[in-house]
Amino acid sequence: MSLHGKTMFISGASRGIGLAIATRAAADGANVALIAKTAEPHPKLEGTVYTAARQIEEAGGQALPIVGDIRDGDSVAAAVASTVDQFGGIDLCVNNASAINLGAITEVPLKRFDLMNAIQVRGTYAVSQACIPHLKNSANPHILTLSPPIRLEPQWLKPTAYMMAKFGMTLCALGMAEELRADGIASNTLWPRTMVATAAVQNLLGGDEAMARARKPAVYADAAYVVLTKPASEFSGHSLLCEDVLVDSGVRDLSVYDCTPGGELGVDLWVDSVNPPGYRAP
């Protein structure tokens with residue numbers, strides 16, 4: 001199955017993982033509407049919604065850059081309406097936008113708590129809700145939310161604020177899977193086993209040293225592509241890990257995604273190991 005001619009609506013895709021997912025779809029000739037707040041260059045963050053749109057078109061797709069705030073229901077509704085006007089419908093909804101703060105409950109102020117939960121939980125709900133009426137008209141509709149499996153072991157119940165926000169995304173996605181099953185709309189989550197080389201890792205999680213222990217954003221993009229090309233009516237309600245999806249799809253060597261060949265990889269939150277059980281590199 002190909003994404004040629006399909007329309008993706010994706011949040012927060014001006015850089016990093018979201019942009020990688022968008023350009024992978026564009027390589028098939030997909031249309032991509034991307035909503036993000038970054039209209040002007042940021043001193044610490046590469047790319048804007050407009051530079052991302054150019055990269056999507058250079059990859060082979062059609063792009064609709066939208067400056068908007070997914071916390072604002074009216075902004076989301078207008079963005080979805082513009083997407084439908086431009087491309088005739090929506091086939092794929094990708095909830096990528098996220099904010100991060102790994103502080104403990106004694107360290108994260110309410111303002112930052114509200115920001116994370118507004119973007120992660122409210123944003124996922126708002127974007128999905130606005131896309132659903134149009135997804136119902138698609139031949140193979142998918143909602144993909146970039147959030148972790150829900151792990152309730154004690155070590156995974158912290159940091160409290162970030163855990164609540166990311167688990168909230170997953171709960172939303174799994175709830176939608178059940179509510180939309182009769183409509184044939186798939187809803188799944190996707191999360192990496194390792195850190196992925198993004199601006200957040202560079203700026204917040206250890207700089208160049210952390211980036212050296214990460215996998216490339218392509219690991220997320222390729223796994224997302226596998227999920228989004230599955231039959232929606234047969235594949236929904238799963239909390240997936242990128243590397244497991246890739247190995248299951250036939251990838252035999254995950255080292256192609258390593259930022260540092262032969263280097264030690266850093267395990268991500270809510271994951272036990274960098275590779276799927278039983279995986280052995282060639």
Side-chain angles (χ1 to χ4, degrees), residues 2-100 119-120 123-124 126-128 130-131 134-135 138 140-146 190 196-203 216-225 227-229:
S2 166
L3 296 183
H4 179 76
K6 302 291 187 181
T7 297
M8 172 185 290
F9 187 93
I10 182 169
S11 64
S14 55
R15 63 183 66 88
I17 291 166
L19 179 56
I21 291 173
T23 54
R24 179 65 185 87
D28 271 9
N31 309 311
V32 181
L34 56 156
I35 181 171
K37 291 182 67 179
T38 310
E40 300 294 334
H42 188 281
K44 292 186 178 181
L45 300 172
E46 181 180 357
T48 68
V49 68
Y50 302 112
T51 60
R54 286 197 294 271
Q55 291 183 55
I56 289 165
E57 294 186 340
E58 288 168 0
Q62 298 295 316
L64 176 63
I66 302 169
V67 178
D69 187 345
I70 63 168
R71 297 171 294 175
D72 181 347
D74 292 338
S75 179
V76 172
V80 167
S82 296
T83 302
V84 175
D85 287 344
Q86 179 83 7
F87 299 124
I90 296 173
D91 303 284
L92 311 166
C93 169
V94 180
N95 294 302
N96 165 69
S98 191
I100 183 171
I119 293 174
Q120 272 96 297
T124 295
V127 168
S128 302
C131 287
H134 307 287
L135 292 171
S138 171
N140 196 48
H142 280 268
I143 299 171
L144 184 63
T145 301
L146 308 193
L190 186 62
V196 175
T198 63
V201 170
Q202 176 77 50
N203 296 332
K216 301 171 186 176
V219 72
Y220 228 137
D222 289 351
Y225 180 87
V227 176
L228 295 172
T229 53

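Being a predicted model, the structure only gives us computed values, none of them experimental.
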Q: Applying side chain to side chain contact (heavy atoms under 4.5 Å, CB included), run through Leu135 and Cys93 and close with a yes or a no.
A: CA-CA 8 Å; Leu135 292 171; Cys93 169; 4.3 Å; yes
Q.
side chain to side chain contact (heavy atoms under 4.5 Å, CB included), that's the test. Do Asn95 and Ser128 meet it? Break it down for me.
A. CA-CA 8 Å; Asn95 294 302; Ser128 302; 3.0 Å; yes
Q: Apply side chain to side chain contact (heavy atoms under 4.5 Å, CB included) to the pair Thr7 and His134, showing each step before the final yes or no.
A: CA-CA 11 Å; Thr7 297; His134 307 287; over 6 Å; no
Q.
side chain to side chain contact (heavy atoms under 4.5 Å, CB included), that's the test. Do Asn140 and Asp91 meet it? Break it down for me.
A. CA-CA 7 Å; Asn140 196 48; Asp91 303 284; over 6 Å; no
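The OH atom of Tyr225 lies 10.5 Å from the CG atom of Leu92; values are rounded to the nearest 0.5 Å. Taking CZ of Phe9 as the reference point, atom OG1 of Thr83 lies at 5.0 Å (rounded to 0.5 Å). Considering CG of Asn96 and OH of Tyr220, their distance stands at 8.0 Å, rounded to 0.5 Å.
Taking each heavy atom of Pro217 and Ala197 in turn, the nearest pair found is CG-O, 3.4 Å. The shortest heavy-atom contact between Thr48 and Thr51 is N-OG1, 2.8 Å. Closest heavy-atom contact between Ala20 and Ala221: O-CB, 3.3 Å. Of all heavy-atom pairs between Ala22 and Met8, the closest is CA-SD, 4.3 Å. When all heavy atoms are compared, the tightest approach of Val67 to Lys37 is CG1-O, 4.2 Å.
Checking side-chain atoms of Thr23 against main-chain N and O of Leu19 turns up a donor-acceptor pair under 3.5 Å. Remark: the backbone N or O of Ile35 is not paired with any side-chain donor or acceptor of Ser11 at under 3.5 angstrom.
Ser2 meets the side chain to side chain donor-acceptor pair (under 3.5 Å) test with Asp28; sequence neighbours excluded.
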Side chains of residues 56-66: which donor-acceptor pairs under 3.5 Å do they make with residues two or more places apart or in other chains?
unit_1, atom_1, unit_2, atom_2, d
Glu57, OE2, Ala63, N, 3.4

Considering only distance and modelled atom types, tabulate donor-acceptor pairs under 3.5 Å from the side chains of residues 68-80, sequence neighbours left out.
unit_1, atom_1, unit_2, atom_2, d
Asp69, OD1, Arg71, N, 2.9
Asp69, OD1, Arg71, NE, 3.0
Asp69, OD2, Arg71, NE, 3.2
Asp69, OD2, Arg71, NH2, 2.9
Asp72, OD1, Asp74, N, 3.0
Asp72, OD1, Ser75, N, 3.4
Ser75, OG, Asp69, N, 3.2

